[in-house]
Amino acid sequence: MAQDLKARTKKFAIDCGKLCRSFPHSREYNAYVNQLIRCSSSVGANYRASQRGKSTADFINKLKIVEEEADESHFFIEILLELYDLEDENVKNEMIRLCKEANELVAIIVASINTAKSKLK
């Protein structure tokens, strides 16, 4: 499962990066696009780091960062979805898919955090 999630979080970052190519270059879009690129890539990077955790507490701490960054990614995709004039159905569908993926990643990570916490007791 760890390898699957490692690949899935990396794909999420890449897909968000590709999505960001769809937006016009302007001050308001650039701010949101840059944030989405940062937080979506942080999902994969921090998940990868969690797999090298020095302790269960370190593992949990890194997963909490993954949870926050995935939720933040979802937020910026939502903002762009509402801000963007969606003439292109493919872009709209990709944004909806990425929102769902972000939610699924959050759910998986929260479950992993809860499992790890139960092992600490």
Side-chain angles (χ1 to χ4, degrees):
M1 166 124 171
Q3 287 301 323
D4 292 342
L5 206 48
K6 188 174 172 182
R8 191 169 170 179
T9 57
K10 181 179 177 182
K11 180 176 178 5
F12 178 70
I14 291 167
D15 290 348
C16 285
K18 288 179 180 178
L19 171 70
C20 289
R21 294 179 190 162
S22 305
F23 299 104
H25 294 280
S26 65
R27 186 180 333 168
E28 66 277 6
Y29 284 113
N30 288 348
Y32 295 123
V33 163
N34 288 339
Q35 283 296 118
L36 177 56
I37 289 170
R38 281 187 199 98
C39 56
S40 64
S41 59
S42 181
V43 171
N46 281 291
Y47 180 76
R48 191 176 182 129
S50 76
Q51 300 306 294
R52 292 180 180 72
K54 295 167 185 61
S55 65
T56 303
D58 187 39
F59 173 74
I60 292 168
N61 185 50
K62 287 181 168 87
L63 284 185
K64 284 183 169 285
I65 295 168
V66 175
E67 175 191 358
E68 290 172 12
E69 297 294 341
D71 188 55
E72 190 175 317
S73 297
H74 184 268
F75 173 78
F76 285 112
I77 296 167
E78 280 183 334
I79 293 290
L80 288 164
L81 189 57
E82 291 183 30
L83 186 65
Y84 187 56
D85 183 19
L86 294 169
E87 295 173 11
D88 187 339
E89 283 296 312
N90 291 331
V91 173
K92 180 180 178 181
N93 291 336
E94 180 64 358
M95 293 171 83
I96 291 167
R97 184 189 72 77
L98 287 170
C99 277
K100 289 178 184 173
E101 178 66 0
N103 281 336
E104 287 180 21
L105 289 171
V106 168
I108 292 166
I109 296 304
V110 167
S112 296
I113 290 168
N114 291 337
T115 299
K117 281 182 177 179
S118 70
K119 292 179 180 178
L120 282 177
K121 294 177 181 178

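This one's a predicted model, so the numbers in the text were calculated from it and none came from an experiment.
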> Output the distance between atom CG (Leu98) and atom OG (Ser40), rounded to the nearest 0.5 Å.
8.5 Å
> What's the separation between atom CD1 in Ile77 and atom SG in Cys39, rounded to the nearest 0.5 Å?
7.5 Å
> Go through the side-chain N and O atoms of Arg48 and Gln51 and say whether any donor and acceptor fall under 3.5 Å apart.
no
> To check you understand the geometry: which heavy-atom pair defines the closest contact between Ser41 and Ala13, and what is its length?
CA-CB, 3.7 Å
> Is there a path from Tyr32 to Leu19 through hydrophobic residues (I, L, V, M, F, W, Y) whose side chains come within less than 4.5 Å of each other?
yes
> Is Arg8 paired with Glu104 through a side-chain N to carboxylate O contact shorter than 4.0 Å?
yes
> Provide the closest heavy-atom pair for Lys54 versus Asp58 in the form atom of the first, atom of the second, distance.
N-OD2, 2.9 Å
> Just by distance, do the side chain of Ser42 and the backbone of Arg38 share a donor-acceptor pair under 3.5 Å?
no
> Using 0.5 Å steps for rounding, measure from the CZ atom of Phe76 to the SG atom of Cys16.
12.0 Å
> Can you see which heavy atom on Tyr29 is nearest to which on Leu83, and at what distance?
OH-O, 3.4 Å
> Do Ile96 and Val91 belong together in a cluster built from hydrophobic side chains that touch within less than 4.5 Å?
yes
> If you look at every heavy atom in Leu36 and Cys20, which pair is closest and at what distance?
CD2-SG, 3.8 Å
> Does Met95 share a hydrophobic cluster with Val106, counting links as ILVMFWY side-chain heavy atoms below 4.5 Å and allowing steps through other members?
no
> Side chain of Asp71, backbone of Glu67: donor and acceptor closer than 3.5 Å?
no
